[in-house]
*Asks:* 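This is the structure I have questions about; it appears just below.
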Protein chains: 2
Amino acid sequence: MSANSRLTIAAHALAWIGLYQGQGHEVATSEQIATSANTNPVVIRRLLGELRRAGLVESRRGVGAGWSLARELESMTLLDVYEAVEPGPLFAMHRTTPDQGCVVGHGIQPAMQSIYEGIEDTVRHELARVTLENVLRDVLAAPR
Amino acid sequence: MSANSRLTIAAHALAWIGLYQGQGHEVATSEQIATSANTNPVVIRRLLGELRRAGLVESRRGVGAGWSLARELESMTLLDVYEAVEPGPLFAMHRTTPDQGCVVGHGIQPAMQSIYEGIEDTVRHELARVTLENVLRDVLAAPR
DNA sequence: GGCAGTCGTAACAGTGAAGGTTGCAACCGG
DNA sequence: CCGGTTGCAACCTTCACTGTTACGACTGCC
């Protein structure tokens, strides 16, 4: 499926900011996060911009500018992040409308839609069970 | 995420062949299926080729050639189809290795990997609960 | 007020997966 | 031998995302 790394990078950024703030710093810069994630600061700013629209982080401009958490990590779940950065559905329908004159072509989309919705609900439920605090704890628990 | 329609198209093709064979026909051609799915016959042949490698369908060449089911629809699940046509994982890691000198960069991949594996197991379980016979029944039950 | 550092965002090239298309060899029943 | 279909390679197009550059906007500090 060649899935996106957007959710992974967003979780990375949030864990990084959370850890950094836990060490007493006020704000984190996109430059610092990009170095840790081994990517470009603009990519981080774009992603964090989406998280800001979702109310997960805040940004400050000017001198001493940077990013900070808008809520505690333990009150954020991966579902919040997922919904902020992944707009589309997990599974897609046909690119072009199937032949509505054919019984299968006509009935396949509602049939698959209903199955896919059930699966997406399950995935959302799983994502909602993991807080970013859980993620950060797992990160710090990784063997050296 | 801009997901693939591969699973959808593969299920469409299988349901079509199953219905067609249930009407007494021997084999279905990629041309017929492509017309129903409103796509190109080569796309269908590529997909069915993957399903053949997975043992779900068979093909015959020469005159009167075409595709037939290798098993009953009720013995195939969407998981069988999914594994045949979707090689990659649902969620991806970073494209480039994160900074291993950073605590977060070092621990983020094992942490996310473990979470993602749990979710994929759940998705697989959900897909395994739906047979292609279920899909065909839902297709035929769609309002006119 | 000016400077320096960072965000905000637009614009564009590069990448990779998937779909769409064409062409043709291989196969085989009649 | 013919006609219809699969098998498969080659190529183009499309699309989303990433990576990069550029530059204006903002603001604490001097």
Side-chain angles (χ1 to χ4, degrees), chain A residues 1-10 12-13 17 20 25-35 37-53 57-68 70 84-98, chain B residues 1-10 12-13 17 20 25-35 37-53 57-68 70 84-98:
Chain A
M1 167 166 295
S2 80
N4 297 1
S5 57
R6 298 168 67 82
L7 180 57
T8 304
I9 304 289
H12 186 145
I17 299 173
Y20 198 59
H25 299 91
E26 281 285 320
V27 298
T29 69
S30 59
E31 174 85 32
Q32 295 170 312
I33 301 169
T35 299
N38 194 13
T39 181
N40 193 291
V42 176
V43 174
I44 298 298
R45 291 208 287 269
R46 278 199 290 238
L47 263 179
L48 287 179
E50 296 176 44
L51 296 184
R52 182 186 46 214
R53 262 170 251 129
V57 299
E58 292 166 349
S59 64
R60 196 192 303 171
R61 303 176 74 169
V63 174
W67 302 84
S68 54
V85 303
E86 301 276 10
L90 225 41
F91 301 101
M93 284 298 134
H94 308 60
R95 300 192 141 191
T96 57
T97 309
Chain B
M1 167 165 298
S2 79
N4 297 0
S5 57
R6 297 169 66 83
L7 180 58
T8 304
I9 304 289
H12 185 146
I17 299 174
Y20 197 59
H25 299 91
E26 281 286 320
V27 297
T29 69
S30 60
E31 174 85 31
Q32 295 171 312
I33 301 168
T35 298
N38 193 15
T39 180
N40 193 290
V42 177
V43 174
I44 298 296
R45 290 208 287 270
R46 278 200 289 238
L47 262 179
L48 288 180
E50 296 177 43
L51 296 183
R52 183 185 46 215
R53 261 170 252 130
V57 299
E58 292 167 349
S59 64
R60 197 192 302 172
R61 303 175 75 169
V63 174
W67 302 83
S68 54
V85 303
E86 301 276 11
L90 224 42
F91 301 101
M93 284 297 133
H94 309 62
R95 301 193 139 190
T96 59
T97 310

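Naming: A, B, ... by sequence-line order, numbering from 1 per chain. Small disclaimer: the values here were computed from a predicted structure and weren't measured.
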*Asks:* What N/O pairs connect the protein and nucleotides 24-27 of chain C at under 3.5 Å? Give each pair on its own line.
*Replies:*
unit_1: dA26(C); atom_1: N3; unit_2: Arg61(B); atom_2: NH2; d: 3.2
unit_1: dC27(C); atom_1: O2; unit_2: Gly62(B); atom_2: N; d: 3.3

*Asks:* Using atom CZ of Arg53(A) as one end and atom C1' of dC7(C) as the other, report the distance to the nearest whole Å.
*Replies:* 13 Å
*Asks:* Rounded to whole Å, how long is the line connecting atom CD1 of Ile44(A) with atom P of dT6(C)?
*Replies:* 15 Å
*Asks:* With the side chain counted from C-beta on, respond yes when Ser5(A) and His94(B) share a heavy-atom pair under 4.5 Å apart, and no when they do not.
*Replies:*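 No - every pair of side-chain heavy atoms lies 4.5 Å or more apart.
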*Asks:* Expressed as a whole number of angstroms, how long is the span from Asn4(B):CG to dC15(D):P?
*Replies:* 15 Å
*Asks:* For Ser30(B) and dT6(D), is the shortest distance between a side-chain N/O and OP1 or OP2 below 4.0 Å?
*Replies:*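 Ser30(B) to dT6(D) OP1/OP2: side-chain N or O found under 4.0 Å.
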*Asks:* Identify which nucleotide among dG8(C), dT6(D), dT9(C) has an atom closest to any side-chain atom of Arg52(A), counting heavy atoms from C-beta outward.
*Replies:*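 The listed nucleotide nearest to Arg52(A)'s side chain is dG8(C).
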*Asks:* Between the base of dG19(D) and the side chain of Arg46(A), is there a donor-acceptor distance below 3.5 Å?
*Replies:*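 Between dG19(D) and Arg46(A), which were checked side chain against base, a qualifying N/O pair under 3.5 Å is present.
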*Asks:* How many angstroms lie between CD1 in Ile9(A) and CZ in Arg46(A), if you round to the nearest 0.5 Å?
*Replies:* 12.5 Å
*Asks:* Is any side-chain heavy atom of Asn4(A) less than 4.5 Å from a side-chain heavy atom of Val85(A)?
*Replies:*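 A side-chain contact under 4.5 Å is absent here.
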*Asks:* Could you grab the distance from atom CE of Met93(B) to atom CG of Leu7(A), nearest 0.5 Å is fine?
*Replies:* 9.0 Å
*Asks:* With sequence neighbours left out, what residues match Arg52(B) under side-chain hydrogen bond (donor to acceptor under 3.5 Å, both in side chains)?
*Replies:* Ser59(B)
*Asks:* Heavy atoms from C-beta onward define the side chain here; which of dA18(C), dT22(C), dG19(D) lies closest to that of Asn40(B)?
*Replies:* dT22(C)
*Asks:* Base, sugar-phosphate alone, or nothing: which one does Gly66(A) contact when heavy atoms must sit under 4.0 Å apart?
*Replies:*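 Sugar-phosphate only.
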*Asks:* What's touching nucleotides 13-15 of chain C from the protein side, N or O pairs under 3.5 Å?
*Replies:*
none

*Asks:* Using the test side-chain contact (heavy atoms from CB on, under 4.5 Å), find all partners of Asn40(B) that sit at least two apart in sequence or belong to another chain.
*Replies:* Val42(B), Val43(B)
*Asks:* Heavy-atom nearest nucleotide on DNA chain D for Thr39(A) versus Gly64(A): which residue maps closer to 5'?
*Replies:* Thr39(A)
*Asks:* Please name all residues satisfying side-chain hydrogen bond (donor to acceptor under 3.5 Å, both in side chains) with Gln32(A), sequence neighbours left out, ordered by chain then number.
*Replies:*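 With neighbours one apart ignored, the set is Tyr20(A), Thr29(A).
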*Asks:* Just the rounded figure in Å: distance from C1' of dA18(C) to CG of Leu7(B).
*Replies:*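 Interatomic distance, CG of Leu7(B) to C1' of dA18(C): 15 Å.
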*Asks:* How long is the line joining NE2 of His12(A) and C1' of dT18(D), in whole Å?
*Replies:* 16 Å
*Asks:* Rounded to the Å, how far apart are Glu31(A) CD and dA4(C) C1'?
*Replies:*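 The distance from CD of Glu31(A) to C1' of dA4(C) comes to 15 Å, rounded to the nearest Å.
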*Asks:* Expressed as a whole number of angstroms, how long is the span from Glu86(A):CD to dC17(D):P?
*Replies:*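 Those two atoms, CD and P, are 7 Å apart.
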*Asks:* Could you work out, with salt bridge (Lys or Arg N to Asp or Glu O under 4.0 Å) as the rule, every residue matching Arg6(B), not counting sequence neighbours?
*Replies:*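 With sequence neighbours excluded, Arg6(B) shows a salt bridge (Lys or Arg N to Asp or Glu O under 4.0 Å) to Glu50(B), given in chain and number order.
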*Asks:* Could you pull out all residues at least two apart from Arg60(A) that satisfy side-chain contact (heavy atoms from CB on, under 4.5 Å)?
*Replies:*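 Checked Arg60(A) against side-chain contact (heavy atoms from CB on, under 4.5 Å); matches are Glu26(A), Val27(A).
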*Asks:* Roughly how far apart are Arg95(A) CZ and Asn38(B) CG, rounded to 0.5 Å?
*Replies:*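 Answer rounded to 0.5 Å: 12.5 Å.
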*Asks:* So, is Ser5(A) close to the dT18(D) phosphate, meaning a side-chain N or O under 4.0 Å from OP1 or OP2?
*Replies:* yes
*Asks:* For the side chain of Val43(B), counting heavy atoms from C-beta on, which of dC17(D), dG20(C), dG19(D) is nearest?
*Replies:*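 Nearest nucleotide to the side chain: dG20(C).
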*Asks:* Consider the side chain of Thr29(A), meaning its heavy atoms from C-beta on, and name the nucleotide among dG8(C), dC7(C), dA18(C) that approaches it most closely.
*Replies:* dC7(C)
*Asks:* Identify, between Ala65(B) and Thr96(B), the residue whose nearest nucleotide on DNA chain D lies closer to the 5' end.
*Replies:* Ala65(B)
*Asks:* Mind calculating the distance between CZ (Arg6(B)) and P (dG16(C)) to the nearest angstrom?
*Replies:*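 For the pair Arg6(B) CZ and dG16(C) P, the rounded distance is 18 Å.
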